[in-house]
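Written below as structure tokens is the structure these notes are about.
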Amino acid sequence: MMAQDVLCEVRNCQHWAEGNQCQADQIFVVSHHGKHAGRQEETDCNTFKPKV
Ligand code: SF4
């Protein structure tokens, strides 16, 4: 099942909305080390866009 509600605390992203809601149609999460991650710290949202 696809994620329905993506919660995110990164307030300075253009997709961020009140209530820690991500408003992007989809997000792309990437690993720092190719296609595997050992810990949550090794992943990032690649859809992040800084507010201007
Ligand atoms: S795109 Fe990524 S960083 Fe931006 S609000 Fe959504 S989950 Fe957070």
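Counting convention: from 1, in listed order, for ligands and their atoms alike. In this text the structure is predicted, and so the values were computed from the model without any measurement.
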Going from [atom1] on [X] to [atom2] on [Y], what distance comes out if it is rounded to the nearest 0.5 angstrom?
{"X": "His36", "Y": "Glu42", "atom1": "NE2", "atom2": "CD", "result": "12.0 Å"}
{"X": "Asn20", "Y": "Arg11", "atom1": "CG", "atom2": "CZ", "result": "6.5 Å"}
{"X": "Asp44", "Y": "His32", "atom1": "CG", "atom2": "NE2", "result": "3.0 Å"}
{"X": "Gln14", "Y": "Gln23", "atom1": "CD", "atom2": "CD", "result": "13.0 Å"}

Practice problem: May I ask you to check whether Cys45 brings an N, O or S atom to under 2.8 Å from atom 2 (Fe) of ligand 1? | Solution: yes

To the nearest 0.1 Å, how far is [atom] from its closest protein heavy atom, and which atom is that?
{"atom": "atom 8 (Fe) of ligand 1", "result": "Cys8 SG, 2.3 Å"}
{"atom": "atom 4 (Fe) of ligand 1", "result": "Cys13 SG, 2.3 Å"}
{"atom": "atom 6 (Fe) of ligand 1", "result": "Cys22 SG, 2.4 Å"}

Self-check item: Atom indices of ligand 1, in the order listed, that fall short of 4.0 Å to a heavy atom of Trp16
Solution: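 The list of qualifying atoms is 5 (S).
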
Practice problem: Spell out, yes or no, whether Val6 and Val29 are grouped together once hydrophobic residues are joined by side-chain heavy atoms under 4.5 Å, including indirect joins. | Solution: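 Shared cluster, yes.
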
